[in-house]
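Per chain, numbering begins at 1; letters A, B, ... match sequence-line order.
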Amino acid sequence: MEPSPTIEFSNTGKVLFPSLGITKGRVIEYYIRMAPRMLPHLEDRAVMLHRFPEGVDHEGFYEKDAPAGTPSWVTTAVHHSETADRDIHYIVCDRPETLAWLANLASLELHVTLSRVGNPRVPLFAFFDLDPQPPAQFPEAAEVALQLRDLLVEAGVRSYLKTSGKKGLHVLIPLEEKYTFRQVRDAVHSAGILLSRRSDRVVHEASSRAKRPGSVLVDYAQNAAWKTMICPYSLRAREEATVSMPISWQALESGARPEDFNIGTVSSKMDDPWRGILSDRQEIWTESE
DNA sequence: GTTAGCA
DNA sequence: TGCTAACAACGCTGG
DNA sequence: CCAGCG
Ligand SMILES: [Mn+2]
Ligand SMILES: [Mn+2]
């Protein structure tokens, strides 16, 4: 075991969300207080950072490879990227100190893989990424999410919902660790096709011609090894400092909105609508109709 | 935001 | 020692 | 194979 780390926080007064005056210190405090909720989703997964050292009004950058200066107590896992023909040393955020260190790097957004870093080809979830196509907004995504819920209920599946923190919604189904991404992606795609038959609002392909304005895309392509999803409770790099928030289906029906959940309103004391998700492992459903 | 490299 | 430039993503699909 | 997208 490495010695207990001490982290030197820098520029804690620097404003990262100008329109709300939120400083980096507030961001660090947020991630420290949310660590109990976030670590179960981070501790054995690769993480990708979306960093904004100059704040959300400036361009950010993604970071996968652990940067020079990564402390020795930070866990990393090597993966060889075929595309880039190089090794990537993914950060594995398996302790609160790592979360605090990432926050100090101005990693406003944390994106996680859908599989364990030690078993990257086996998905932990089926992931429905619901993307409203302008001028469609959150209400349209909510309408489609509720239709998707009905379809999944018919198939006997328990599903879990979160806001993306932007305008979309994410629906997850935790799985037995025995499927390939191909199997899961195909099942999500099929459900998208079925949903598009039931609702004119739904589109199931991301091609530019298929993405009709005002529709909601059921984006199945995110179900792949080394693709990522915004981590539950991660901040989003938006002016409003919103959070990707796990919510109940009941809350969605009652008119919950993405902007209800932000750095000022979210705490780890709130009820957890995702309690038990990581042990609620289910079989892939088979659709009828 | 941090580090490597150079004056 | 102090300053500054460089650097920080890739997997997947459609065409 | 490349461009575009998330
Ligand atoms: Mn999305
Ligand atoms: Mn998407």
Side-chain angles (χ1 to χ4, degrees), chain A residues 7-16 23-25 27-28 31 45-72 74 76-91 98-115 117 120-121 123 127-134 141 164-170 180-182 184-186 188-189 192-193 203-211 215-231 234 236-238 244:
Chain A
I7 306 163
E8 194 102 338
F9 296 117
S10 60
N11 299 317
T12 52
K14 185 165 183 176
V15 174
L16 296 184
T23 61
K24 195 173 78 166
V27 170
I28 293 167
Y31 279 115
R45 321 261 282 277
V47 65
M48 174 176 74
L49 317 178
H50 199 179
R51 297 177 53 190
F52 293 82
E54 305 302 327
V56 297
D57 282 358
H58 296 256
E59 199 170 324
F61 57 91
Y62 291 97
E63 191 157 59
K64 294 183 167 177
D65 201 24
T70 300
S72 59
V74 170
T76 59
V78 189
H79 160 67
H80 186 80
S81 160
E82 298 293 337
T83 317
D85 188 28
R86 66 169 186 138
D87 288 339
I88 298 175
H89 307 79
Y90 278 101
I91 294 161
T98 303
L99 201 46
W101 170 69
L102 292 175
N104 187 56
L105 295 180
S107 308
L108 297 185
E109 299 190 351
L110 304 181
H111 300 251
V112 288
T113 52
L114 295 172
S115 55
V117 74
R121 311 220 131 264
F127 175 39
F128 289 85
D129 177 22
L130 308 184
D131 294 335
Q133 306 300 308
S164 75
K166 297 190 168 182
K167 292 184 171 172
L169 284 160
H170 294 164
T180 63
F181 272 106
R182 164 61 77 130
V184 172
R185 180 164 71 250
D186 287 352
V188 171
H189 193 188
I193 292 170
V203 148
H204 58 80
E205 297 294 341
S207 63
S208 51
R209 60 170 304 173
K211 289 195 325 191
S215 64
V216 174
L217 170 67
V218 179
D219 186 0
Y220 63 90
Q222 294 304 309
N223 293 273
W226 304 110
K227 286 244 186 194
T228 60
M229 137 190 111
I230 189 74
C231 185
S234 174
R236 300 312 303 265
R238 303 183 66 77
S244 179

side-chain hydrogen bond (donor to acceptor under 3.5 Å, both in side chains) against [X], all qualifying residues, sequence neighbours excluded:
{"X": "A:Asp131", "result": "none"}
{"X": "A:Asp87", "result": "A:His80"}
{"X": "A:Arg51", "result": "A:Glu63"}
{"X": "A:Lys167", "result": "A:Gln137"}

May I ask you to say what [X] touches in the nucleic acid, namely base, sugar-phosphate or nothing, with a heavy-atom cut-off under 4.0 Å?
{"X": "A:Leu49", "result": "nothing"}
{"X": "A:Thr228", "result": "nothing"}
{"X": "A:Lys14", "result": "sugar-phosphate"}

Taking N or O atoms only and anything under 3.5 Å, show me the protein contacts with nucleotides 1-6 of chain D, one pair per line.
from	atom 1	to	atom 2	distance (Å)
D:dG6	OP1	A:Lys211	NZ	3.0

Fill in: From A:Arg45 atom CZ to A:Ser115 atom OG, the distance as rounded to the nearest 0.5 Å
8.0 Å

Item to complete: Please determine which of A:Leu16, A:Leu105, A:Val15 meets the side-chain contact (heavy atoms from CB on, under 4.5 Å) test together with A:Lys24.
Response: A:Leu16

Item to complete: Search all heavy atoms of A:Trp101 against all heavy atoms of A:Ile7 and return the closest pair with its distance.
Response: N-CD1, 4.0 Å

Response to the item:
What one should report as the nearest heavy-atom pair of A:Leu49 and A:Ser107 is CD1-OG, 3.7 Å

Once ring pair (Phe, Tyr, Trp, His ring centres under 6.0 Å) is applied, do any residues pair with [X], and if so which ones, sequence neighbours excluded?
{"X": "A:Phe52", "result": "A:His50"}
{"X": "A:His204", "result": "A:His189"}
{"X": "A:Phe181", "result": "none"}

Discussion item. Of all nucleotides in DNA chain B that come within under 4.0 Å of a heavy atom of chain A, which is furthest toward the 5' end and which toward the 3' end?
Written reply: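 Using the under 4.0 Å cut-off, the span is B:dG1 to B:dT3.
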
Fill in: Between B:dA4 and C:dA8 - P atom distance, rounded Å
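One P to the other, the span is 14 Å.
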
Item to complete: For C:dA9 versus B:dT3, give the span between their P atoms, rounded off to a whole number of Å.
Response: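 C:dA9 and B:dT3 have their P atoms separated by 16 Å.
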
Practice prompt. Check DNA chain B against residues 62-69 of chain A and give the residues with a non-hydrogen atom under 4.0 Å, in numerical order.
Written response: A:Ala68, A:Gly69

Discussion item. For a 4.0 angstrom threshold against heavy atoms of chain A, report the outermost contacting nucleotides of DNA chain C in 5' to 3' order.
Written reply: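 Nucleotide range with atoms under 4.0 Å of chain A: C:dA8 to C:dG14.
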
Worksheet item: Starting at the 5' end of DNA chain C, which residue's closest nucleotide do you reach first, A:Tyr220 or A:Met48?
Response: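 Per heavy-atom nearest nucleotide, the more 5' residue is A:Met48.
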
What side-chain donor-acceptor pairs closer than 3.5 Å can you find for residues 223-230 of chain A, not counting sequence neighbours?
from	atom 1	to	atom 2	distance (Å)
A:Asn223	OD1	A:Phe127	N	2.8
A:Asn223	ND2	A:Phe127	O	2.8
A:Asn223	ND2	A:Tyr220	O	3.0

Discussion item. For A:Lys166, is there any backbone N or O sitting under 3.5 Å from a side-chain donor or acceptor partner on A:Arg238?
Written reply: no

